[in-house]
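Just so you know, these numbers use all the heavy atoms, side chains as well, and skip hydrogens, waters and symmetry mates.
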Amino acid sequence: MQTRHFIQIIALSAFWGASFPLLRIASPALGPWVVASLRCTLAAMVLAVLMHTLREHWPPRAAWPRLALLSLLTVVIPFVLFNWAALVIPAGYSAVLNATAPLFGVLGAALAGEERLTSRRLLGCAVGFAGVALLVQLGPVAVTPQVVLAALACTAAAASYGVGTVLMKRATMAYAPLPASAAVFVAATVILLLPAGIAVPSAHPTPGALLAVAMLGIVTSGFMYWISMRLMREIAASAATSAAFMIPLFGVTWGALFLGEAVTASMLPGCVLVLAATALITGFNPFRSSSPEP
């Protein structure tokens, strides 16, 4: 893996880490279905404009069923489940549970015969889980059936995204990243149209919620999904998915910068473990000119 790939993974983590606090603002006001629908619609619009500007062509008609399935696994299911969980549990809990995505990605790629399930990658997953546990200082949350369901929803969302990265990797090899990304969000918009329309009467828009959705749709969904597709075209799917391990790290950073939350020396070991986990899964070594085969 090249240095630019590692930098892109860090950038993805930084922006995706911001999505969980934004969901905590948007979901209570608009509801999970409406947030997901608006987010996908904005992302589709932004990517369509980019396609027009760059004179890219839409994928062929035969490709749309496969891209719709990719949309279901990596956009629709995760968005709706994380949106619902944001009504119940803190953003930090969702970010930590999202960090299980690389494990599901590694297992999914191994089962599909796309990548080898090496001891290094399994070790990386274990180290990453230990790192996020140390890094995110979560307060006690009363264990209720709703909290348990929300935690399961986050895990299912991470699993859907992790397994979907196998299809995402295949899509990047068959189609240009920008048209494929745009098609994914167009498909997601269509899938979410009916349930979101039914949920609209219960939505209570606020300026803060609408601004949060705009950030989610334009930046963390539209642009970042495109960058993720471009990155996945060049590196292993499990390596690209390892960005999830650094999402809690950036959640702490954003909390410190914008919410005044404390950053203590006790967080340092967690940060080190998270970065080590990402290096183990990606095979990235800044002191080596080339990296091992995936």
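Here the shortest heavy-atom pairing between S13 and I247 reads O-CG1, 3.9 Å. Considering every non-hydrogen atom in both R39 and T220, the closest pair reads NH2-OG1, 3.6 Å. Taking both residues in full, the closest heavy atoms of Q8 and I227 are given as OE1-CG2, 4.1 Å, listed atom of the first, atom of the second, then distance. Heavy-atom minimum distance, N83 versus P32: ND2-O, 3.0 Å. Pairing each heavy atom of L231 with each of L12, the nearest pair is CD2-CD1, 3.8 Å.
At least one side-chain heavy atom of V80 sits less than 4.5 Å from a side-chain heavy atom of L192. Side-chain contact between S221 and L42: absent, with no pair of heavy atoms (C-beta onward) separated by less than 4.5 Å. Taking the side chain as every heavy atom from C-beta outward, L23 and S94 never approach each other to under 4.5 Å. Contact of the L47 side chain with the E56 side chain is not registered, since no non-hydrogen atoms from C-beta on lie closer than 4.5 Å. Put simply, the side chain of F250 reaches to within 4.5 Å of the side chain of I10, judged on heavy atoms.
Residues passing the salt bridge (Lys or Arg N to Asp or Glu O under 4.0 Å) test with R170 are E114, sequence neighbours excluded. Residues satisfying the ring pair (Phe, Tyr, Trp, His ring centres under 6.0 Å) criterion with F20, sequence neighbours excluded, are F82.
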Please table the atom pairs, donor to acceptor, closer than 3.5 Å between any side-chain atom in residues 145-159 and protein atoms at least two apart or in another chain.
residue, atom, partner, partner atom, Å
T155, OG1, A151, O, 3.0

Just distance, no hydrogens or angles: give the donor-acceptor pairs under 3.5 Å from side chains in residues 206-218, sequence neighbours left out.
residue, atom, partner, partner atom, Å
T206, OG1, A209, N, 3.1

Result block: side-chain N/O donor-acceptor pairs under 3.5 angstrom for residues 171-188, not counting sequence neighbours:
residue, atom, partner, partner atom, Å
T172, OG1, K169, O, 2.6
Y175, OH, R66, NH2, 2.9
S181, OG, P177, O, 2.7

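Hydrophobic clustering places V200 together with V35 (ILVMFWY residues linked when any side-chain heavy atoms are closer than 4.5 Å, directly or through intermediates). F15 and I25 fall into different hydrophobic clusters, where Ile, Leu, Val, Met, Phe, Trp and Tyr are joined by side-chain heavy atoms under 4.5 Å apart, directly or via other members.
Environment of CE in M45: sparse, with no more than 12 heavy atoms of neighbouring residues, nucleotides or ligands closer than 6.0 Å.
With rounding to the nearest 0.5 angstrom, the OG1 atom of T189 is 8.5 Å from the CG atom of L193. From Y161, atom OH reaches atom CZ of F79 across 9.5 Å, with rounding to the nearest 0.5 Å.
With hydrogens and angles ignored, the 3.5 Å screen pairs no side-chain donor or acceptor of S160 with any backbone N or O of P78. S228 places no side-chain N or O within donor-acceptor distance of the main-chain N or O of M224, the cut-off being under 3.5 Å.
Judged by a 6.0 Å distance limit and a 45° cone about the ring axis, R230 is positioned over the six-membered ring of W226.
Contacts classified as side-chain hydrogen bond (donor to acceptor under 3.5 Å, both in side chains) and involving residues 69-82 (residues at least two apart or in different chains) are given here: T74-Y225.
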